[in-house]
Structures are given as structure tokens and as C-alpha cells.
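Just so it is clear: chains get the letters A, B, ... in the order the sequence lines come, proteins before strands, and each one is counted from 1.
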Amino acid sequence: MQKEGLSPNHLKKAKLMFFYTRYPSSNMLKTYFSDVKAAGPCVIRTPEMFVVTPLHSTVKWGYKKMASNDCHPKKEFNRCITSQLIKWFSNFREFYYIQMEKYARQAINDGVTSTEELCITRDCELYRALNMHYNKANDFEVPERFLEVAQITLREFFNAIIAGKDVDPSWKKAIYKVICKLDSEVPEIFRSPNCLQELLHE
DNA sequence: AGAGCCCCTG
DNA sequence: CAGGGGCTCT
């Protein structure tokens, strides 16, 4: 019997999925986490349902109105789950990009001048940091494609910094725009509720 | 309005 | 990772 809400295993699964997709759509997430269920009616603790006093923000009033017109605990639950998954990937990206920038600056400080010198291999420091974060148990075979994307990302940061683009507060936006195009298909196995067992035991 | 993303915090 | 504010786009 699967417990309600997102479990530690779901988190682990999400992290492995990050190796394929950095920017999953909410619809995609819904299909890959369709096994997440609500335990029962009205157990969902969303901000909408907590709002009782209209003494504060108008935004909360809007939520309350929404809840009264459309009070479907199930839908509220799914909405909540989806946004939590979206949040997870947002956090994943944050870590990812922070590592990339750090490593790129470090390379520059170390005297690297050519982007050709920056390669992501399975034994390099950056890869180990990423693997430690998304695949801590190291029981999953990280797809080669991820290494390519990571390398592209690293070089993107490197070139931007070398070109002095980091003086612009929003200089990373351009990089994000490039990276979001590099998502690959997530293997079908991930749709299975028991994908972790299937993935890690082969 | 609502969904998302990012940034900064804790 | 979760919270919360700010900004964008639909």
C-alpha cells in the first residue's frame, strides 16, 4: 500500500530523472508520478484551505474563493503535488548551475584558456559532485547524454565568464535558454511505480 | 488569476 | 529541500 504524498523514493526517482530532463513540464511530471495518491478527502494542507481570516492579503482571498467554488480535495492535492515536483526540479537546477559556475570559475583561475580543455568525464571533480547529489547511492548508471549536456553547460558558463558577460545581472538567462533545449526523453521505465527496483537491480 | 521560474533564506 | 517574494507570460 503506497502512502499518500511524495515519498523519499519519489525524490530519488525525480533526481534520476534529472539526468534526462532539466526542465520537465508539469504534464510530463503528472504522467511519471501518476502513482502518487491522496489518502482521502480533505486531508490536504494547502494554503488555500488554511485561509480563514480575510485580514491580510487579497491574494489569499482569491484562493479562498477558488476553494469554495471548486472544492475538490483530489484536485487540490494533485495541484499541490505537481507544484512540489516542479519545485524539486527547480532546486535541482539551482544546484546544477551553481556547480557549473563554480567549476567554470575555478578552471579560469587555474589558467584554462580554451573551452576544449573542459571535458566532463566520469572521474572528474564536477561529475563526482553532481553524481553525489542526484545519485548518492551511486547505484544508477548515469546516461552518457547527461555528460554531454553537462559539458555543454560548463563550456557555456566558461565562455560567458571569459567574455565578461557576468557583469550583467541576468547573464545566466541566456545559458538557461540554451540548456532547456537539451532535454532528452525519459525512459519508459520511469513511468512504472516500481521503476526504482527495476532500474537499480539490473 | 494561475502557473512557473529564479533568487535568496533557513 | 521548503518558503516566500518578485517577475513573466498566458
Report, one pair per line, the protein and nucleotides 4-10 of chain C atoms (nitrogen or oxygen only) whose separation is under 3.5 Å.
unit_1, atom_1, unit_2, atom_2, d
C:dG4, O6, A:Lys87, NZ, 3.0

Separation of atom CG in A:Asn78 from atom P in B:dA3, rounded to whole Å: 12 Å
Shortest side-chain distance from A:Ile86, nucleotide among B:dA3, C:dC1, B:dC5: B:dC5
Passing option when A:Tyr97 is tested against A:Tyr103, A:Phe92, A:Tyr176 for ring-ring contact (aromatic ring centres under 6.0 Å, His included): A:Tyr176
Side-chain N,O (A:Tyr134) to OP1/OP2 (C:dC1) below 4.0 Å: no
A:Phe95 CZ - B:dC8 P separation (whole Å): 17 Å
Sugar-phosphate only, base, or nothing, as touched by A:Ser26 at under 4.0 Å among non-hydrogen atoms: sugar-phosphate
Parallel, tilted or perpendicular: ring planes of A:Phe19 versus A:Phe146, cut at 30 and 60 degrees: perpendicular
Chi angles and distances behind the ring-ring contact (aromatic ring centres under 6.0 Å, His included) call for A:Phe33, A:Trp88: CA-CA 13 Å; A:Phe33 289 87; A:Trp88 280 2; 7.2 Å; no
Geometric cation-pi criterion A:Arg145 and A:Tyr20, 6.0 Å radius, 45° cone: no
Under 4.0 angstrom between A:Arg79 side-chain N/O and B:dA3 OP1 or OP2: yes
Spacing between A:Asn91 atom CG and B:dG10 atom C1', to the nearest angstrom: 13 Å
Candidates B:dA3, C:dC1, B:dC5 - which lies nearest the side chain of A:Arg93: B:dC5
Rounded distance (Å) that lies between atom P of B:dC5 and atom CG of A:Leu85: 12 Å
Separation of atom NZ in A:Lys172 from atom C1' in B:dC8, rounded to whole Å: 12 Å
Lys/Arg-Asp/Glu bridge criterion (N-O < 4.0 Å) met for A:Asp183, A:Arg22: yes
Pair A:Asn27, A:Ser25: side-chain N/O donor-acceptor within cut-off below 3.5 Å: no
Atom pair distance, as rounded to whole Å: NZ in A:Lys75 and C1' in B:dG2: 15 Å
A:Met28 CE - B:dG4 P separation (whole Å): 12 Å
Side chains of A:Arg93 and A:Tyr23 in contact at under 4.5 Å (non-hydrogen atoms): yes
Rounded distance (Å) that lies between atom P of C:dC1 and atom NE2 of A:His133: 5 Å
Sugar-phosphate, base or nothing in reach of A:Glu94, heavy atoms under 4.0 Å: base
